[in-house]
Amino acid sequence: MQQVRIIAIDGPSGSGKSSVSKLVGARLGFLHVDSGALYRIMTWQSLEHRVDTANPDAVAEFAQKLNVDFAAKDGAVVFLVDGEEPGNRIRTPEINQHASEVATVKAVRDRITGWLRGLTSFGDLIVEGRDITTAVFPDSPARFYLSASAEARAARRQKEEVEKGIANQSAEAVKASLLARDKIDSTRKYAPLKKADGAVEIDSTYLTLEQVVETVLAALPRDWTNGEVA
Ligand code: DC
C-alpha cells in the first residue's frame, strides 16, 4: 500500500494557515484538517460541562472522557460532537480566551495528537496547527511555518469575525487577544509553537493568498503535485 502523504503547516493565529491549507488541499486532493478546531472543541465542551479551564487536573480528566467523531466532507475532515458539527460555537471571543490555557494541558495534547495521527486512515492530509511540524507529524517531508506581522494577522482576524457575524471587536482588541494567545502558545511547556528545523518559512505579510499557495506547491516533493507546478 502506498504511504499516506501529509503536508504539515504551523503558524500563529491569522498567519493564513486555514485559507492556504484549504486551497492547497483542494488543488491536490488532500483532505484539510484544522487541528485548532479540536482544541476549540475541547475548550467549548469543557465550558459546557462546567469544567474549570484554569484547573489543569480537571481539564485533563475531562479530556479522557470527551468523544469526537470524524467524517470526510467537502474536502475536509470534519469533527462531530454528539453527531453535530460545532460551527461558529467554537469561534467566539470566549473560546479564544480559554483555548490557549486548555492547550497547555498535556493530557489534552496527547488525546488530540492521537486523534490527528488516526486521521491518516482517511488518506492524504494537509494538517494545520501549532505543533504539527514539530510533534504530530515531524517526519513529513512537507513542513511549513507561516508567519505575518501582528498587524496583518489582527486585521485578517477582525475582518473574518465581522464577515462571519461572530463578533464586532475593534482591531486593537483583536490584536491584544491574538498576542496574548501567541505568548501562551509559544511559551508553554509541551509542544510550544516554534519553527521546526527544516520547515520552510513563508512570511505572508505582503503576499497574496495565491502567492503563498504557489510557494507551498513549489516546495512540495515533485511527485506530490500531479503537474500542478510548472
Ligand atoms: O488555530 P486556532 O486559533 O483555531 O487554535 C486554537 C487554540 O489551540 C490556540 O490557542 C492554539 C491551540 N492549538 C495548539 O496548541 N496546537 C495545535 N496544533 C492547534 C491549535
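Sequence positions, counted from 1, serve as the residue numbers for this chain. Order of appearance sets the numbers: ligands from 1, and atoms from 1 within every ligand.
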What atoms of ligand 1 come closer than 4.0 angstrom to any heavy atom of A103?
12 (C), 15 (O)

Considering only heavy atoms of D185, which atoms of ligand 1 have at least one such atom less than 4.0 Å away?
9 (C), 10 (O), 11 (C)

Show me which atoms of ligand 1 lie under 4.0 Å from any heavy atom of Y39.
8 (O), 13 (N), 14 (C), 16 (N), 17 (C), 18 (N), 19 (C), 20 (C)

Please list, one pair per line, the donor and acceptor atoms closer than 3.5 Å that link side chains of residues 8-22 to other protein atoms, with sequence neighbours excluded.
residue, atom, partner, partner atom, Å
D10, OD1, R130, N, 3.1
D10, OD1, D131, N, 3.2
D10, OD1, I132, N, 3.0
D10, OD2, I132, N, 3.1
D10, OD2, T133, N, 2.7
D10, OD2, T133, OG1, 2.5
S13, OG, R130, NH2, 3.2
S15, OG, P12, O, 2.8
K17, NZ, G11, O, 3.0
K17, NZ, P12, O, 3.2
S18, OG, E128, OE1, 3.3
S18, OG, E128, OE2, 2.8
S21, OG, K17, O, 2.5

Using modelled atom types only, decide if a donor and an acceptor are shared between the side chain of T43 and the backbone of Y39 within a distance under 3.5 Å.
yes

Quick look: S100 vs ligand 1, heavy-atom contacts under 4.0 Å, and the answer is both

Report the residue from K194, R157, R153 that forms a salt bridge (charged side-chain N to carboxylate O under 4.0 Å, His left out) with D182.
R153

Return yes if some donor-acceptor pair links the side-chain N/O of R143 with the main-chain N/O of D197 below 3.5 Å, else return no.
yes

Side chain, backbone, both or neither: which part of D131 has a heavy atom under 4.0 Å from ligand 1?
both

Is the closest heavy-atom distance from R188 to ligand 1 below 4.0 Å?
yes

For F79, the ring pair (Phe, Tyr, Trp, His ring centres under 6.0 Å) test, sequence neighbours excluded, returns F70

Which pair of heavy atoms, one from I126 and one from G25, lies closest together, and at what distance?
CG2-CA, 3.8 Å

For R181, the atoms of ligand 1 under 4.0 Å from one of its heavy atoms are 3 (O)

Is S13 in polar range of ligand 1, meaning some N or O pair under 3.5 Å apart?
no

Which residue holds the protein heavy atom closest to atom 7 (C) of ligand 1, what is that atom called, and what is the gap in Å?
A99 CB, 3.9 Å

Quick check: does K17 get an N/O under 3.5 Å from an N/O on ligand 1?
no

So is there a nitrogen or oxygen of R40 less than 3.5 Å from a nitrogen or oxygen in ligand 1?
yes

Among protein heavy atoms, which sits nearest to atom 19 (C) of ligand 1, and what does the distance come to when rounded to 0.1 Å?
S35 OG, 3.4 Å

For R130, which part has a heavy atom under 4.0 Å from ligand 1: side chain, backbone, both, or neither?
both

Can you tell me how far CZ of R109 sits from OH of Y190, rounded to the nearest 0.5 angstrom?
11.5 Å

Distance from atom 16 (N) of ligand 1 to nearest protein heavy atom, with residue and atom
R109 NH2, 3.0 Å

So does Q158 get a backbone contact from the side chain of Q169, meaning a donor-acceptor N/O pair under 3.5 Å?
no

Taking E161 as the fixed residue, which of T92, V174, N168 is the one that meets the side-chain contact (heavy atoms from CB on, under 4.5 Å) rule?
V174

